[in-house]
Protein chains: 2
Amino acid sequence: MSIHSNYGIICSLMIAATATARRTASREKRRHQLIDATMKCIARKGMGSTTLGDVAREAGLSQGIVNLHFESKDNLLKETLASLANEYREQFDKTLHRSGPRPADKLLALLELDFRPSICDRRKLAVWFAFWGEVKSRPTYRRMCDESDRYYDSVIEGLCAELIAEGKYKNIDAMTAADALSSMTNGLWQACLISPQTWDRRKATNAVMSYLRSVFPRHYKQ
Amino acid sequence: MSIHSNYGIICSLMIAATATARRTASREKRRHQLIDATMKCIARKGMGSTTLGDVAREAGLSQGIVNLHFESKDNLLKETLASLANEYREQFDKTLHRSGPRPADKLLALLELDFRPSICDRRKLAVWFAFWGEVKSRPTYRRMCDESDRYYDSVIEGLCAELIAEGKYKNIDAMTAADALSSMTNGLWQACLISPQTWDRRKATNAVMSYLRSVFPRHYKQ
DNA sequence: CAAAAATGAATGAGTATTCATTCAAATTAT
DNA sequence: ATAATTTGAATGAATACTCATTCATTTTTG
């Protein structure tokens, strides 16, 4: 995303400035460009009907370009999922480390992150769901998603455990609370994807907050 | 493959069932059979790689059979989603009307329904997610899912409203509670699909119950 | 110039759809 | 009842088309 908009800007600047647009880009740039095009195509046409021709056209490049940089369509898709997952993880970790210092603030920041425009965006959600829809038949996708999920769950669970200790909450254990929060996020993304007229980021945030308030009332007031 | 092996299979099924071997079945029976085969194929191979040949083979019938009964692959998929949605709705309505009489019992029954084996089954979840994964690019799928969701949400919200009135709960409104519950269910299905080793139906039910207990403590004890 | 990057036409495997034909079952006639 | 006729479900080979992949050629870079 940022990479791509930057790329576009840089390109136009170069064209304007030097009148010699680079026709060849570094390997990493091209790969990002192609992955970005792939996501756009998946969001617009669906994973099953996205062809390598579509991706190349979306990227403004030629037919054979994907095989040149990714060897196969299968590989392109795997790398696309990896890129999507990486991007989320970077934001997650950045949020985790920059927020705080209290666990209540960290937890809140992480949950709010999930409904920030850069993440809770229908185009991007469509891509996530496209991959989740293939999870049963593609063990690799499942493994990749599972691995990330476990990491996030463990962080959330740790934060919940701290809140429970701090607030001396009874009747709730950290794992259950973390499970509920993580699954609520996923379910709310689904709602944003399927019912955009009924759901928006604010409403989704509300639903999560209501859970936080009722389970950790001493940390999240009102 | 040949007429004879198909004939043999169908014969034995029919003989067992009706004692009258038939090579031809009623239109509705065949359609159901084909939809069932479609779901099996989607769960096993994914939506994108499921071919009409796969479906026909899975059903033990011949190549052209799907177009004969459904005109097109597109139509077969739409009808498959419709069938899946219908099946859920029937169970939902049955549960709604048979449980009770108190709203707390009805709500609990509806939430437990979502994690009963017949519904929270990885094969079936895979099919749901396959369709959700195409929602952005297929307006029809989106509309179908959206329509159902609204109905379920409205029922759940009604029940929450009754609980809130009965229990004089403050700090929670029916819509927020219903939103949280519905989205949690969807998120938990995702967890069951992606992390079957970590998640099972019992754990998922737990997560939902924890929310119920913390939001409606006077109705769901302990 | 050599190496790397990119092109885009050609290939061929695969697949949705069509349709002439077969055949079991139901209907009608004898 | 038996035979003749009609029906329409089912088949599966043939068709037309799409698309991933390859590669000879061209363009760009250093």
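Lettering of chains follows the sequences in order, A, B, ..., and the numbering in each one begins at 1.
Whole-Å rounding puts the D54(A) CG to dG8(C) C1' distance at 16 Å. Counting to the nearest Å, the P atom of dC19(D) and the CZ atom of F70(A) are 20 Å from each other. Atom CZ in R57(A) sits about 13 Å away from atom P in dG8(C), given to the nearest Å. When the P atom of dT29(D) is taken as reference, atom CZ of R27(A) falls 17 Å away, rounded to whole Å. Between the NE2 atom of H69(B) and the C1' atom of dA10(D) there is a distance of 7 Å, given to the nearest Å. Across the protein-nucleic acid pair, M47(A) atom CE and dC19(D) atom C1' stand 16 Å apart, rounded to whole Å.
In this structure, the side chain of S183(A) engages the main chain of A180(A) through a donor-acceptor pair within 3.5 Å. Distance alone, capped at 3.5 Å, places no donor-acceptor pair between the K136(B) side chain and the L193(A) backbone.
An OP1 or OP2 oxygen of dA9(D) is reached within less than 4.0 angstrom by no side-chain nitrogen or oxygen of R30(B).
Under the rule for a ring pair (Phe, Tyr, Trp, His ring centres under 6.0 Å), the partners of Y88(B) that lie at least two apart in sequence or sit in another chain are Y152(B). Here E79(B) pairs with R31(B) under the side chain to side chain donor-acceptor pair (under 3.5 Å) rule; sequence neighbours left out.
Surrounding CZ of R150(B) are more than 12 heavy atoms belonging to other residues, nucleotides or ligands, all under 6.0 Å away.
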Is there any protein nitrogen or oxygen under 3.5 Å from a nitrogen or oxygen in nucleotides 20-23 of chain D, and what are the pairs?
residue : atom : partner : partner atom : Å
dA20(D) : OP1  : K73(A)  : NZ           : 2.6
dA20(D) : OP2  : L52(A)  : N            : 2.7
dT21(D) : OP2  : N67(A)  : OD1          : 3.4
dT21(D) : OP2  : K73(A)  : N            : 2.8
dT21(D) : O4   : Q63(A)  : NE2          : 3.0

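Using the six-membered ring where Trp is involved, W189(B) and W132(B) have ring planes that are parallel, under 30° apart on the 30 and 60° scheme.
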